[in-house]
*Asks:* 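Input: one structure, supplied below.
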Amino acid sequence: MVSKNNKFKGFSLQIIPFNEVRNLNISERVKKILNLVLGNKLVILQGRLRPEEEIRLIEDTMAMVDHIKAFKGIELAVIDPDMKNNSFFFKFKKGIAKTLVGDTSSLTVIGPASVVKEVKNDPSKLEVFLG
Amino acid sequence: MLKILKDLSRKVIRSLFGPKKNIKIGFYGPPNAGKTSLANLLCQDWTGEDIGTVSEMPHETRGVSFKEKVEIKHKGKNLTFKFVDTPGIATRIDYEDFLKFKINKKDAKKRAKEATQGIIEAIKWLDDMEAVIVVLDSSENPYSQVNITIIGNLMARKIPVLLVANKIDLKKSNIKKVQAAFPEYEVIGISAKNRLNIDEFYDSLFKLAKKV
């Protein structure tokens, strides 16, 4: 169990199925994610973002850090249980393939920095959320 | 008339087959990896000037800086570069992180604001680079999401990359881990601070320039 004083307190979980973002363009995807994060949601996106979407997410996040008081930024992590020990290149190629074919076994966790760090360190904590 | 045509054709041939002038190379990476230290080392070696200031505090470089026409001679070859030093890319900026370096709250907030703008600027410059030197701290985990995002973007944009595993003088340095993470790229271990392996770095730099 997670204690009452943990870093997750005050946040809720939002799962975005791949189908929900499939037809969105880069701006719409990033905007959707950031709106949820700013609304204190920890976003679990089915699948992973393309490289250009990741960098755009960082860019837009920085613009928001600059304009929104108390917003410190995001943490982004891709969780893929099948590829834990593989190189970046393998993951990257596989990631591209997944984006293209819509294979969505991996999860992308995006949220306020402190929360995602906890999940990345211990992915089983997601189970706490999912009950 | 004939002379003008001859000169023109000579210029065209030189531009097509001759050495490329002012190859634009960006220094990218996470904060505090040593991008400016390495860029300074190169600029000092060949121009006698720094490109920027270095500090132990993250986000010391908060704006893109340039050094034009850095002419480097190495093993009988001669190339001219334009170096572009960029702020470290991060997904979060918290002014409180700067307070532990004993600066006041007002300065810390100013620094945080400049750092966010610097990251945006660095990202915007990505498309303009002909080649990129990605500088990583070899004593840190190379699998960080920021590293993956930077390298993933360079790969997607087909920009030639040289991976520099900096800080090999540190006990925790692990070049093999960096190589294992990014096996498709040449990884050169150096210490910009202590000038370790710099001759080999120049070999790699010239190899990178060939890919442009």
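A note on names: the letters A, B, ... follow the listed sequences, proteins ahead of strands, and every chain is numbered from 1.
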*Asks:* Heavy atoms, side chains only, cut-off 4.5 Å: are A:Met62 and B:Ile93 in contact?
*Replies:*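 The answer is yes; the side chains approach within 4.5 Å.
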*Asks:* Would you mind checking which part of B:Ala115 comes under 4.5 Å of any heavy atom in chain A, side chain (CB onward), backbone (N, CA, C, O), both or neither?
*Replies:*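 Neither part, no heavy atoms under 4.5 Å.
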*Asks:* Could you tell me whether the side chain of A:Asp66 and the main chain of B:Thr116 form a donor-acceptor pair under 3.5 Å?
*Replies:* no
*Asks:* Salt-bridge test for B:Arg157 and A:Glu52: reply yes if a basic N is under 4.0 Å from a carboxylate O, no otherwise.
*Replies:*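 So B:Arg157 does not pair with A:Glu52 through a salt bridge.
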*Asks:* Can you tell me how far the CD1 atom of A:Ile58 sits from the CD1 atom of B:Ile119, to the nearest 0.5 Å?
*Replies:*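 Rounded to the nearest 0.5 Å, the CD1-CD1 separation comes to 8.0 Å.
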*Asks:* Say you draw a straight line from CG of B:Leu126 to CD of A:Glu59; how long is it, rounded to the nearest 0.5 Å?
*Replies:* 9.0 Å
*Asks:* Looking at A:Val78 and B:Gln145, what are the two nearest heavy atoms and their distance?
*Replies:*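 Distance-wise, the nearest heavy atoms are N-OE1, 3.7 Å.
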*Asks:* Taking every heavy-atom pair that is under 4.5 Å apart, which of B:Ile123, B:Asp97, B:Val146, B:Ile89 has the most such pairs with chain A?
*Replies:*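 Most heavy-atom pairs under 4.5 Å with chain A: B:Ile123.
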*Asks:* Can you establish whether the number of heavy atoms outside B:Lys82 located under 6.0 Å from its atom NZ is more than 12?
*Replies:*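 It does: B:Lys82 NZ has more than 12 such atoms within range.
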*Asks:* Need one label for B:Leu154: side chain, backbone, both or neither, based on atoms under 4.5 Å from any heavy atom in chain A.
*Replies:*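 Neither part.
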*Asks:* Measuring only between side-chain heavy atoms, which start at C-beta, is A:Glu75 closer than 4.5 Å to B:Thr91?
*Replies:*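 Heavy-atom side-chain distance check passes, below 4.5 Å.
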